[in-house]
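One structure below.
Protein chains get the first letters and strands the later ones, always in sequence-line order, with residue 1 at the start of each.
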There are 2 protein chains.
Amino acid sequence: MTSSSPGNPPAKRATILDVAAAAGVSRQTVTRAMNDMPGIRQATRERVQELARELGYSPSRFAKGLVQGARTSVGLAIPDLTNPYFPAFASSVVEMATQRGWNVVMDDFGHGTSSSLDAVARLSPQVDAVIGYLGSDSGKAQAMLGRRPVVVLDDPAGQTAGGISFDYSHAARLALGRLLAVGCGHIAYLDSGTDDALTVRGSAVAGVAAELGIELTVLHAAESAQAAGEAVADLVSRHAAMDGLVVFNDLMAAGALKGLAKSGRTVPDDCAVIGMDGIPLGELVTPELTTLSLNLREVGRTAVDLLEGLLSGAFAHGSPEAQLKLRHDLILRESA
Amino acid sequence: MTSSSPGNPPAKRATILDVAAAAGVSRQTVTRAMNDMPGIRQATRERVQELARELGYSPSRFAKGLVQGARTSVGLAIPDLTNPYFPAFASSVVEMATQRGWNVVMDDFGHGTSSSLDAVARLSPQVDAVIGYLGSDSGKAQAMLGRRPVVVLDDPAGQTAGGISFDYSHAARLALGRLLAVGCGHIAYLDSGTDDALTVRGSAVAGVAAELGIELTVLHAAESAQAAGEAVADLVSRHAAMDGLVVFNDLMAAGALKGLAKSGRTVPDDCAVIGMDGIPLGELVTPELTTLSLNLREVGRTAVDLLEGLLSGAFAHGSPEAQLKLRHDLILRESA
DNA sequence: ATGAAAGCGCTAACAG
DNA sequence: CTGTTAGCGCTTTCAT
């Protein structure tokens with residue numbers, strides 16, 4: 001342990017004045033000692049630092065922020081840290097933010113019944129900006145933040161200061177093209193969600209399929225590997241001819257692989273499978289997953305760059321330059 | 001967009017005084033309006049709120065924190081968000097912290113060359129406490145934080161306010177017992193790290209093996225699935241008799257499964273494999289991974305409960321009651 | 001229902 | 001090299 005003896009009650013925090021008094025100097029001298037500023041004798045500096053340590057003094061971040069105009073802190077709102085896609089994204093955001101000396105306050109609204117708006121409400125008093133997967137509530141989130149910029153991901157129509165969306169039509173063309181190329185004649189798409197409403201990805205896939213004259217079977221499952229596996233097993237039992245499958249994301253695709261295996265189908269021979277995301281998980285499953293891959297580091301970097309532009313005034317809030325669109329690459333592995 | 005018209009420069013933030021002036025009231029009235037406090041006429045409240053929105057006013061968290069004595073904010077220091085174990089842990093910490101109205105500042109020190117100490121240094125000015133996987137630097141981290149408590153995970157000898165460690169001997173007994181029970185005669189353990197030094201887990205496994213009279217082959221690999229796969233493939237080519245394998249964590253175990261498959265070994269028939277962690281990934285790989293499972297929600301809850309006790313003074317910093325030990329369960333799936 | 005005064009803990013700008 | 005003064009933006013008394 002440090003000098004704080006065990007059992008110390010949650011004693012009132014020491015302030016700079018306590019240290020100054022203990023050292024018999026002014027508080028300015030304490031400031032100089034603590035922040036390694038010039039204009040102080042080395043002996044004084046050390047004595048003050050020592051005293052500060054003994055008193056367990058640490059400067060109030062509020063007082064400091066108030067007077068110095070804080071380092072920026074960004075809120076990161078994530079639906080579900082349990083889907084490996086999101087930590088991968090979070091990781092790159094944290095890295096980029098750290099490089100800039102920002103700090104990131106994380107909120108995961110996946111558990112319990114809380115929504116992205118709850119997350120933003122919790123974050124709002126703590127941060128200068130928000131980056132997040134907010135779904136269609138992003139407009140309300142921006143309203144909550146006022147002038148502070150929100151960068152929303154994957155909500156193409158979002159009314160926020162900045163947005164990053166994905167070119168799912170391009171992705172769909174890549175996937176469907178591949179499936180056609182390997183000779184699939186009966187293609188299905190597994191979307192996320194439990195009702196019949198298509199997600200943004202879903203409608204892009206459906207649109208491209210129509211364009212290509214593909215008769216697409218669409219099915220739905222909750223956004224988990226297990227639900228995906230069950231949905232696929234069910235489909236296979238009713239629709240034996242299916243020989244090509246595109247899945248909403250890699251996590252669900254991993255579940256689909258399981259479901260297919262349990263139904264006695266071999267991938268890719270009986271049925272080719274293409275996921276979406278490009279997370280490392282895809283290389284760990286068997287067979288390894290062919291997938292529409294996003295460069296997660298690029299997504300994180302883009303989000304942070306965009307936010308920086310918004311914060312500095314280089315980009316106007318809500319302007320077209322602040323609406324970016326990223327593309328997937330098709331990574332061929334074993335499943336298709 | 002909100003009322004802030006596009007293209008607004010990073011104008012100086014509006015303060016409560018600006019709003020008060022615009023509304024022709026005093027700043028207390030603005031405070032009352034913004035915080036839904038009583039003692040203000042409804043009409044006034046609405047007018048002030050409207051003006052505040054128009055001006056893009058949001059209260060300074062520093063001024064507020066200074067005067068109110070902040071909500072607590074905890075730093076979460078994580079080695080690598082890319083290993084699914086850590087986000088799973090982070091997720092439960094975030095959930096528990098959110099329940100208490102705390103907010104969590106995340107730092108991932110996995111990328112670049114930064115260390116856990118760098119992370120703590122970045123976090124230190126921002127937080128009231130730290131929870132994290134800090135390795136053996138935890139003592140220095142506690143020194144950096146002074147009186148503010150550090151809860152370190154997986155550093156049994158750590159000199160911190162609180163600690164949570166794991167009973168690896170118990171885990172090792174479970175795993176080696178299982179391998180013996182399924183008839184393994186040549187057991188290996190794959191540890192994390194590139195030199196010959198054993199990790200805490202490694203020495204527990206070695207100790208129990210000795211206790212049980214097992215001649216254990218120990219190998220090392222960097223903490224990634226790929227490195228683990230290569231190490232195992234290499235071992236198998238030199239040591240064909242190996243028929244049982246315990247692995248440092250599930251991610252590496254997943255890689256080991258790959259390595260074994262590529263070497264033409266069938267799991268579990270040719271070689272049984274047991275991982276450690278119990279993350280969902282284990283159910284997605286083929287064959288599904290038998291593993292020493294930690295209840296991650298419990299770990300997160302325990303860490304946050306412990307921190308709460310430390311913060312409130314219910315537990316003395318560094319006392320034995322603040323050193324907790326958790327146990328793994330053996331979850332039998334397909335790989336052993 | 002509203003306003004005035006005081007002060008949270010710190011650092012920047014000047015003194016000395 | 002050290003101390004004094006002022007003020008960051010807000011909420012808490014306490015008046016009115």
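- Listed nucleotides dT11(C), dC8(C), dT2(C) differ in distance to Leu66(B); the shortest reach to its side chain belongs to dC8(C).
- Considering only the side chain of Arg27(B), dG7(C) comes nearest among dG9(C), dT2(D), dG7(C).
- The phosphate of dT2(C) (OP1 or OP2) has a side-chain N or O of Thr44(B) nearer than 4.0 angstrom.
- Heavy-atom distances to DNA chain C give each of Ala63(B) and Val30(A) a nearest nucleotide, and the one nearer the 5′ end belongs to Ala63(B).
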Just list the side-chain donor-acceptor pairs under 3.5 Å for residues 22-29 of chain B, sequence neighbours left out, or say none.
unit_1, atom_1, unit_2, atom_2, d
Ser26(B), OG, Thr29(B), OG1, 3.4

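- Atom pair Asp18(A):CG and dC10(C):C1' shows a separation of 13 Å (rounding to whole Å applied).
- Here dC10(C) presents its P atom at 12 Å from CZ of Arg61(A), a figure rounded to the nearest Å.
- Ser73(B) places a side-chain N or O within donor-acceptor distance of the main-chain N or O of Gln126(B), the cut-off being under 3.5 Å.
- Using a 4.0 Å cut-off between charged side-chain N and carboxylate O, Asp18(B) and Arg13(B) make no salt bridge.
- Distances shown here put a side-chain N or O of Lys64(B) below 4.0 Å from the OP1 or OP2 atom of dT11(D).
- Residue Thr29(B) places no side-chain N or O under 4.0 Å from the OP1 or OP2 atom of dT2(C).
- When rounded to the nearest whole Å, the span between CD1 of Ile16(A) and P of dG9(C) equals 11 Å.
- The CZ atom of Phe62(A) sits 11 Å away from the C1' atom of dC8(C) (whole-angstrom rounding).
- One finds a side-chain N or O of Ser26(A) lying less than 4.0 angstrom from the OP1 or OP2 phosphate oxygen of dG3(D).
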Would you list the protein and nucleotides 12-16 of chain C atom pairs, both N or O, that sit under 3.5 Å from each other?
unit_1, atom_1, unit_2, atom_2, d
dA12(C), OP1, Gln68(A), NE2, 3.4
dA12(C), N6, Gln28(A), NE2, 2.3

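- Put simply, CG on Asp36(B) is 12 Å from P on dT11(D), counting in whole angstrom units.
- Annotation: of the two residues near DNA chain D, Met34(B) and Arg41(A), the 5′-most nearest-nucleotide partner is Arg41(A).
- Under the 3.5 Å distance criterion, the side-chain polar atoms of Glu321(B) are left unmatched by any main-chain donor or acceptor of Ala316(B).
- A distance-only check finds a donor-acceptor pair linking the side chain of Thr302(A) to the backbone of Glu298(A) [under 3.5 Å].
- Side-chain N/O atoms of Arg148(B) and Ser124(B) include a donor and acceptor closer than 3.5 Å.
- Side-chain contact of Thr72(B) with Asp128(B): a donor-acceptor pair under 3.5 Å is absent, judged by distance alone.
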